[in-house]
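Notes to accompany the following structure.
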Protein chains: 2
Amino acid sequence: MSEADLLFKALADPSRRKLLDLLYAHDGRTLGQLCAHLSMTRQAVTQHLALLEGANLVAVVWRGREKLHFLNPVPLQQVYERWIRKFERPRLAALDALKKGLEGDEP
Amino acid sequence: MSEADLLFKALADPSRRKLLDLLYAHDGRTLGQLCAHLSMTRQAVTQHLALLEGANLVAVVWRGREKLHFLNPVPLQQVYERWIRKFERPRLAALDALKKGLEGDEP
DNA sequence: TTGATATGCAAGTAATTACTTGCATATAAT
DNA sequence: ATTATATGCAAGTAATTACTTGCATATCAA
């Protein structure tokens with residue numbers, strides 16, 4: 001699976017986006033701390049986090065028996081480069097023209 | 001379903017992202033033209049496009065029996081505002097510190 | 001008006017995804 | 001040592017998603 005696929009799939013779920021927000025608000029949380037904010041089992045959260053790790057959006061450090069989670073914003077920058085910046089503005093002129101009834105193929 | 005949910009779900013599928021790319025390369029294509037680039041049935045493509053429309057990423061205009069598809073980049077800008085800009089850089093300092101063995105909770 | 005083209009609608013199947021339950025292991029606290 | 005805490009692993013279920021097949025409708029061309 002491509003890097004972009006992993007990324008977009010990771011972002012596709014509201015719970016996973018919430019996890020990113022939680023880490024944004026306070027980086028380095030343990031699994032247990034993250035679980036406290038979501039109403040699902042610890043396992044479910046673990047699986048969401050695994051996906052985020054797979055997309056390289058979250059990095060992990062063990063401290064004793066605790067697993068600390070850190071946000072990695074780099075892949076999001078790549079989304080911007082590939083998917084946002086590229087699509088910036090100019091568009092929709094053609095649509096407007098059509099809607100105004102020009103309806104043609106010719107200039 | 002929230003607007004953001006629709007958006008991220010729409011972007012989660014590679015075929016749908018390909019459709020956006022196709023429209024970026026050449027806006028205003030018909031359904032048939034789009035189908036020619038994907039190896040799945042017309043119905044499948046229709047369903048993908050419906051999702052993109054639902055996320056407001058694609059707008060449609062009928063010309064006779066043809067359905068023309070246009071890219072709308074505005075929602076992508078919103079993704080940027082909410083999900084990229086916000087997460088810009090500073091991060092990961094805490095992680096680096098930990099990895100270097102400071103391992104502490106205190107400043 | 002007949003036939004071909006462009007598309008829609010609806011129900012079904014197959015694959016994937018989100019989430020759970022149950023048990024196991026390792027670190028920490030007493 | 002014993003118990004409690006923090007987490008992992010694995011298999012199962014339920015829901016969702018991607019895609020198909022079959023038939024219907026509307027526009028265009030001859």
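Chain letters run A, B, ... following the sequence lines, proteins first, then strands; residues in each count from 1.
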Minimum heavy-atom separation for [X] and [Y], please, with both atom names.
X: Leu76(B); Y: Ile84(A); value: O-CD1, 3.3 Å
X: Phe87(A); Y: Leu20(B); value: CE2-O, 3.9 Å
X: Ala10(A); Y: Ala55(A); value: CB-CB, 3.7 Å

* Asked: Does CZ belonging to Arg82(A) count more than 12 external heavy atoms closer than 6.0 Å?
  ->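 Yes, CZ of Arg82(A) has more than 12 neighbouring heavy atoms, counting only those of other groups under 6.0 Å.
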
* Asked: Would you say Leu68(B) and Trp62(B) make side-chain contact, with heavy atoms under 4.5 Å?
  ->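 Side-chain contact under 4.5 Å: no.
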
Rounded to whole Å, please give me the gap between [atom1] in [X] and [atom2] in [N].
X: Trp62(B); N: dT25(D); atom1: CH2; atom2: C1'; answer: 10 Å
X: Gln33(A); N: dA6(D); atom1: CD; atom2: C1'; answer: 11 Å
X: Leu31(B); N: dT7(C); atom1: CG; atom2: P; answer: 5 Å
X: Glu53(A); N: dT7(D); atom1: CD; atom2: P; answer: 13 Å
X: Leu49(A); N: dA6(D); atom1: CG; atom2: P; answer: 16 Å

* Any salt bridge (charged side-chain N to carboxylate O under 4.0 Å, His left out) pairs touching residues 3-16 of chain A, not counting sequence neighbours? ->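 Sorted result for residues 3-16 of chain A: Asp5(A)-Arg17(B).
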
* Asked: Can any side-chain N or O of Tyr24(B) pair as donor or acceptor with the backbone N or O of Lys86(A) at less than 3.5 Å?
  ->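 At least one qualifying donor-acceptor pair exists.
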
* Kindly say whether Val58(B) contributes a backbone atom to a donor-acceptor pair with the side chain of Asn72(B) at under 3.5 angstrom? =>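 No, the answer is negative, given that no donor and acceptor are paired below the 3.5 Å cut-off.
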
* Pair assignment for DNA chain C - dot-bracket with | for other-strand partners, Watson-Crick or G-U under 3.5 Å -> ||||||||||||||||||||||||||||||

* Report whether Leu52(A) and Met40(A) are members of the same hydrophobic cluster (ILVMFWY, side-chain heavy atoms less than 4.5 Å apart, transitive linking). =>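 In one cluster with Leu52(A): Met40(A), yes.
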
With a 3.5 Å cut-off and sequence neighbours excluded, list the donor-acceptor pairs that the side chains of residues 28-39 of chain B form with protein atoms.
residue, atom, partner, partner atom, Å
Arg29(B), NE, Leu22(B), O, 3.2
Arg29(B), NE, His26(B), O, 3.3
Arg29(B), NH1, His37(B), NE2, 3.4
Arg29(B), NH2, Leu22(B), O, 2.9
Thr30(B), OG1, Gln33(B), N, 3.1
Gln33(B), OE1, Thr30(B), N, 2.9

* **Per-nucleotide protein contact string for nucleotides 25-30 of chain C (B base, S sugar-phosphate only, - none; heavy atom under 4.0 Å)** => --BS--

* To do: Treat primed atoms plus P, OP1 and OP2 as sugar-phosphate and everything else as base, then score nucleotides 10-20 of chain C 5' to 3': B for base contact with protein heavy atoms under 4.0 Å, S for sugar-phosphate contact only, - for none.
  => B------SSBB

* To do: Starting from Met1(A), walk the hydrophobic network (Ile, Leu, Val, Met, Phe, Trp, Tyr; side-chain heavy atoms closer than 4.5 Å) and list everyone else you reach, by chain and number.
  =>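 Reading the cluster by chain and number, Met1(A) sits alongside Leu6(A).
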
